[in-house]
Protein chains: 2
Amino acid sequence: MKLPESAEWALHSVTALAQVPSEAVSARRLAEHFGLPAPYLSKQLALLVRAGVLSASTGPRGGFRLARSASSLTLLDVVEAIGGSADPYTCHEIRQQGRGAAPPEECIEPCLLAQKMREAYLAWRESLRAVVISELVGSLSDEVVARTRASLTRTAG
Amino acid sequence: MKLPESAEWALHSVTALAQVPSEAVSARRLAEHFGLPAPYLSKQLALLVRAGVLSASTGPRGGFRLARSASSLTLLDVVEAIGGSADPYTCHEIRQQGRGAAPPEECIEPCLLAQKMREAYLAWRESLRAVVISELVGSLSDEVVARTRASLTRTAG
DNA sequence: GTTACATTACTCGGATAGTCCCTGTCCGAGTGTGCGTGG
DNA sequence: CCACGCACACTCGGACAGGGACTATCCGAGTAATGTAAC
């Protein structure tokens, strides 16, 4: 089980944008801030826009900013936007295949294994949903926030 | 985030073997029972042996059986054996890279994002650890268990 | 009847190709800004 | 001084190759049961 590395980029980008609510930040500037390849980061940010986490604006002084308040965004929103939201376990109903196939009337409700795996997945989701971006940013020291703003703000390029 | 399809095979195989404690079941017979490709299933069963979940015996009347009692095996043991145990989120310390790099003295403890993602992962693990194989098998109807035994037992091939 | 042994058939385990998703890259369409010009 | 229009430079969004993991497959080494033959 593996989450794409871009999930880390998306999470850091969102928390960084939450520290700069005044102006939009371009993908290129974010990439320079984190030392990441700009074009691929753009693709991930586009996914966040499509999911309603970020809003994009084109042209000069354009870029990305939070589409909603940081207090209404959770880690789950970001992970879902990247595509890591699918249940890692998918039941292929192999109990209905092969020599030991179960008759369909026994398979009305999902098999126990799928149920238990899904419960674990839901526990993971709820744990992520409990973390709000604003709380995360609020626990950062002023020094860290100041450095982030200095690196991302257009005037201090 | 995706768990390999072989995880499903491993989980079903372990629960099936837990229903046939009397004799060893070969990979070929398990594959026929579930309608799966036998060679690849063998590879997954070998992983379970290496992890100490199953024990293998060669030669005629050989095959696989549980290495420990079904009451001491959990879903987490099986998933770990397949290789789905790694934390899906890996922190690459991008906070120390790029223009906004944080000085090393600020990075003694892992970043908040990695901590929160790890907490969610641990919640997932604990949810899987709480499911014991023997309980799962015990909740099956006698009819289902009888069919499984009939399909896997050597005498009724 | 018992025992030792060679045969035999069956088992697992590791080494070998094919396919899909993630990573990384590029270029084109669209737009808000800023400046120059005219009134 | 102000309004207007234009050129510009900057932005995002989608289309195009490369690599690694999962899926699928094959064959060889090893072993326990078994039938046989000798004692």
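Predicted model, so just to flag it, every value in this text is computed and none were measured. When reading the values below, keep in mind they use all heavy atoms of this one structure, side chains included, and skip hydrogens, waters and symmetry mates.
Within 4.0 Å (heavy atoms only), A/Pro4 reaches sugar-phosphate atoms of the nucleic acid but no base atom. Among the atoms of the strands shown, none is found under 4.0 Å from any heavy atom of A/Ser42. Across all strands shown, B/Pro37 has heavy atoms under 4.0 Å from sugar-phosphate atoms exclusively, and none from any base.
In this structure, A/Gly62 and A/Met1 both approach DNA chain D, and ranking their closest nucleotides by distance from the 5' end singles out A/Gly62. Nearest-nucleotide assignment on DNA chain C puts the 5′-proximal partner with B/Ser57, out of A/Ala7 and B/Ser57. Nearest-nucleotide positions on DNA chain D place A/Gly59 closer to the 5' end than the other of A/Pro39 and A/Gly59.
Comparing D/dT23, D/dA32, D/dC12 by their nearest atom to the side chain of B/Pro60 picks out D/dA32. Nearest to the side chain of A/Ala27, among C/dC12, D/dA24, D/dC12, sits D/dC12. Taking the side chain of B/Tyr40 as heavy atoms from C-beta on, and the options D/dT23, C/dC12, D/dG13, the nearest nucleotide is D/dT23. Among the nucleotides C/dT11, D/dT23, D/dG14, the one closest to the side chain of B/Glu5 is D/dT23.
Atom NZ in B/Lys43 sits roughly 13 Å away from atom P in D/dT25 (whole-Å rounding). Atom P of nucleotide C/dT23 and atom CD1 of A/Ile82 are separated by 10 Å, given to the nearest angstrom. Atom P of nucleotide C/dC26 and atom CG of A/Leu41 are separated by 15 Å, given to the nearest angstrom. As rounded to whole Å, 18 Å separates atom P of C/dG13 from atom CZ of B/Arg28. If you measure from atom CZ of B/Arg61 to atom C1' of C/dC12, you get 17 Å, rounded to the nearest angstrom. Computed from coordinates, the A/Gln44 CD to D/dG13 P distance equals 13 Å when rounded to whole Å. When the C1' atom of C/dC22 is taken as reference, atom NE2 of B/His92 falls 13 Å away, rounded to whole Å. Here the P atom of nucleotide D/dC10 and the CD atom of A/Glu23 are 16 Å apart, to the nearest Å.
Between A/Glu80 and A/Arg125, at least one side-chain nitrogen of the basic residue sits less than 4.0 Å from a carboxylate oxygen of the acidic one, meeting the salt-bridge criterion. By the 4.0 Å N-to-carboxylate-O rule, B/Arg29 lies too far from B/Glu32 to be salt-bridged with it.
The side chain of B/Arg50 contributes no N or O atom lying less than 4.0 Å from OP1 or OP2 of C/dC12. Considering only side-chain N and O atoms, A/Thr58 lies nowhere under 4.0 angstrom from the phosphate OP1 or OP2 of D/dC10.
The shortest side-chain heavy-atom distance between A/Met117 and B/Leu11 falls under the 4.5 Å cut-off. Here the side chains of B/Arg149 and B/Pro21 are in contact, with some heavy-atom distance below 4.5 Å.
Atom-to-atom distance recorded for A/Glu8:CD and A/Leu3:CG is 10.0 Å, nearest 0.5 angstrom.
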